[in-house]
2 protein chains.
Amino acid sequence: MPELLSRRELNKAATRQAITDAALTLLRAQGPGNFTVEDIAESAGISRRTFFNYFSSTEAALASMTHGFLDNALQQFRQRPADEPILESARAALMQLADPMTVAPLAELFTLTQDNAVLSRSELEAWDHCTEEIISAARERFAGTPGAVVDELYLRALAGSVISCGKAAMDVWFARCGADLSPASLAVLRQLLIDAMGHLGSGFGSPVPAAGPSATSTTATTHLNKERL
Amino acid sequence: MPELLSRRELNKAATRQAITDAALTLLRAQGPGNFTVEDIAESAGISRRTFFNYFSSTEAALASMTHGFLDNALQQFRQRPADEPILESARAALMQLADPMTVAPLAELFTLTQDNAVLSRSELEAWDHCTEEIISAARERFAGTPGAVVDELYLRALAGSVISCGKAAMDVWFARCGADLSPASLAVLRQLLIDAMGHLGSGFGSPVPAAGPSATSTTATTHLNKERL
DNA sequence: CATGAAATTACACTACGTGCAAGTTTGCAC
DNA sequence: GTGCAAACTTGCACGTAGTGTAATTTCATG
C-alpha cells in the first residue's frame, strides 16, 4: 500500500521537526549558546549521534527555518511569468514573505539571536544560499529567451542586490516593529519591501523614494529614523 | 625612549603576522581542513593557547586578510568628498581594490578556499561586516548635510547592493581569470566593477550595460559566459 | 516470515575553545 | 640597577563539537 509518503519518510520528517522544535524551545528558554546538542537530542527524544545525522550543528538546525522561509520566496519567484520584468518578479516574490504564517518563525528567530555572532553567521549563510538559487533561477529564465547571451555579472549583481534589499527591508522592519505581527506591522513590512525594490529599480537616485507609476508609495519610511540598529 | 610603537605592540603585531603567515603557508601546503590550530601554533612558534589569544579560530585568522582588504576599500570611501554622488564614491572606492598588491592575497585565498564551506562562511562574515561599516560611513555622510532625514532603509539597501555588486564582480573575475594578476586581468576586474556599478546605477534596466556618460564601457562582459561558477 | 536496505544508537576518538593559575616579559618609577 | 605592576605567554584541565565505525533496530518487499 504505497502512500504518498512512506513510513520512513514520515518518520524522518517527524524527527526533523522534533529536532527544530526542541532547538527553538531551548533557544527560547535558555538563550543562545546556553544549551548543547545533547540537550536538543534529549529533548527531541533521539540520540546525540542521530542529531548529527540530520543537522551538522545547532545553528544549522535553527537556520533550517530561514531556509524554509527563503525557499518559499524562491518558489514564488520561479512561478512568475518569464516575460515579466525581473525586478517586478523579485518584488512580487518578496511580497509573499509579508505573511503572518511565513514571517512568524523568522521574526522570533531574529529577536532571539540578533545579538549572537555564531547564529547570525548561519543566517548569513542562508541568505547567501538563496542568492545562489536566485542566480540559477534567473539564469534559467534568461536562457529561455532564444539567442540571448546571459551576462553572468548582471545575474550575480542583480540577485545579490535583490537579496540585499530584501534583507535591508527585514532588518529595518525588525528594528522598527520587533516581533509585532499585527496587520499594521505587516503592512509596514510590505511597504518597506516595495520601497527597497523601488530604490533598486531607480538606481538609488534619491534617498526619498520616488513613487513609481504602479506603486502608491506613501513615504512611510522617511518619517522614522534613529531606529535601534 | 618612546618610539611610535612600543615593544609590546611590535611584538603583538609580529606574532599576529606570524600566525597569519603560518596559516596561509599551511593552507597552501595541506589544503583547507587538513591542518589544526596546533599545527599553526607550532609553525608560528607559539603555544596553542596563545593562538586563541589572537584569533578565535583558524578561519578567523585567514579572514583577517579579507578584513584588511575590505577595510582598505572602506577607507577610500570615507575619503571621498561628501558632495559626490554616493554611487560614484562607491565606484571609486571599489576601484582601489583592483590593485596588484591589494588583491593578491585575497585572490590566492579565494582560489584556495572556494570549495570549502566553513572558510567561505568566514568570508561572508567579512563582507557583511564591511556592509555594516559602509552603512555607518554613509549615515555619517548624510548626517553632515543639515536638516536631512536619514532613511535607514535607503542606507541599508544601498550599502548591501554596493557590496553585492563588488562581490559579484570579484566572483566573476575569479571565475574568469583565476589568480591571474597580470595588468590585463586587473583591467578586466576594473571593468567588471565599473559595469556592476553601472547596472546598479541604472536600476538593472537591461542586461547589456548601457554606457554611462562618463564610462567608456566596452561590453567586455557580454562576450564570455558559461564560466565555471 | 525472511531478507536486505535504511535508520538509530553506543562508543571511541580528535579537535576546538575557554577558564584558570602559574610563569615570563615589558614598562615605569624610584 | 631594583622593584613593582601590568600585560603577555604558557600549560593544564575540562566540556563540547563533530565524525568514523560497528552493532542494533526499524521498515519495505517478496
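All heavy atoms count here, side chains included; hydrogens, waters and symmetry mates do not. Proteins get letters first, then strands, A, B, ... in listed order; numbering begins at 1 in each. If you're wondering where the values come from, they're calculated on a predicted model, not measured in any experiment.
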Value in whole Å for how far the [atom2] atom of [N] lies from [atom1] of [X]:
| X | N | atom1 | atom2 | answer |
| --- | --- | --- | --- | --- |
| A:L10 | D:dT26 | CG | C1' | 14 Å |
| B:E38 | D:dT10 | CD | P | 13 Å |
| A:E59 | D:dT16 | CD | C1' | 12 Å |
| A:K12 | C:dA5 | NZ | P | 17 Å |
| B:F55 | C:dC16 | CZ | C1' | 17 Å |
| B:I19 | D:dT9 | CD1 | C1' | 12 Å |
| A:R7 | D:dT26 | CZ | P | 11 Å |
| A:I46 | D:dT26 | CD1 | P | 16 Å |

For [N] and [X] - does any side-chain N or O of the residue sit under 4.0 Å from the phosphate oxygens OP1/OP2?
| X | N | result |
| --- | --- | --- |
| B:S6 | C:dG27 | yes |
| B:N11 | D:dC8 | no |
| A:Y54 | C:dT8 | yes |
| B:T50 | D:dT9 | no |

With respect to the side chain of [X], which nucleotide from [options] is positioned closest?
| X | options | result |
| --- | --- | --- |
| A:N53 | D:dA17, C:dC20, C:dT8 | C:dT8 |
| B:R48 | C:dC16, C:dT9, D:dC8 | C:dC16 |
| B:F52 | D:dA28, C:dC16, C:dG27 | C:dC16 |

Straight-line distance of A:T25 OG1 to A:Q30 CD, nearest 0.5 Å: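 Going from OG1 on A:T25 over to CD on A:Q30, the span is 10.5 Å.
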Qualifying residue, where the test is salt bridge (charged side-chain N to carboxylate O under 4.0 Å, His left out) with B:R139 and the options are B:E133, B:E152, B:E132: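 Answer to the salt bridge (charged side-chain N to carboxylate O under 4.0 Å, His left out) test with B:R139 among B:E133, B:E152, B:E132: B:E152.
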Under 3.5 Å donor-acceptor, A:D180 side chain and A:C177 backbone: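 Not confirmed, A:D180 side chain does not pair with A:C177 backbone.
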Any N/O donor-acceptor pair, B:R49 side-chain to C:dG19 base, under 3.5 Å: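 Side chain to base: pair present.
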Salt-bridge present (A:R48, A:E38; N to O < 4.0 Å):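 No.
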Nearest-nucleotide 5' precedence on DNA chain C, A:R8 against B:F35: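 Mapping each residue to its closest nucleotide by heavy atoms, the 5'-most match is A:R8.
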A:T36 vs B:T15, nearer the 5' end of DNA chain D by closest nucleotide: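 Of the two residues, B:T15 wins.
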Over 12 foreign heavy atoms within 6.0 Å of NE2, A:H129: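 Open.
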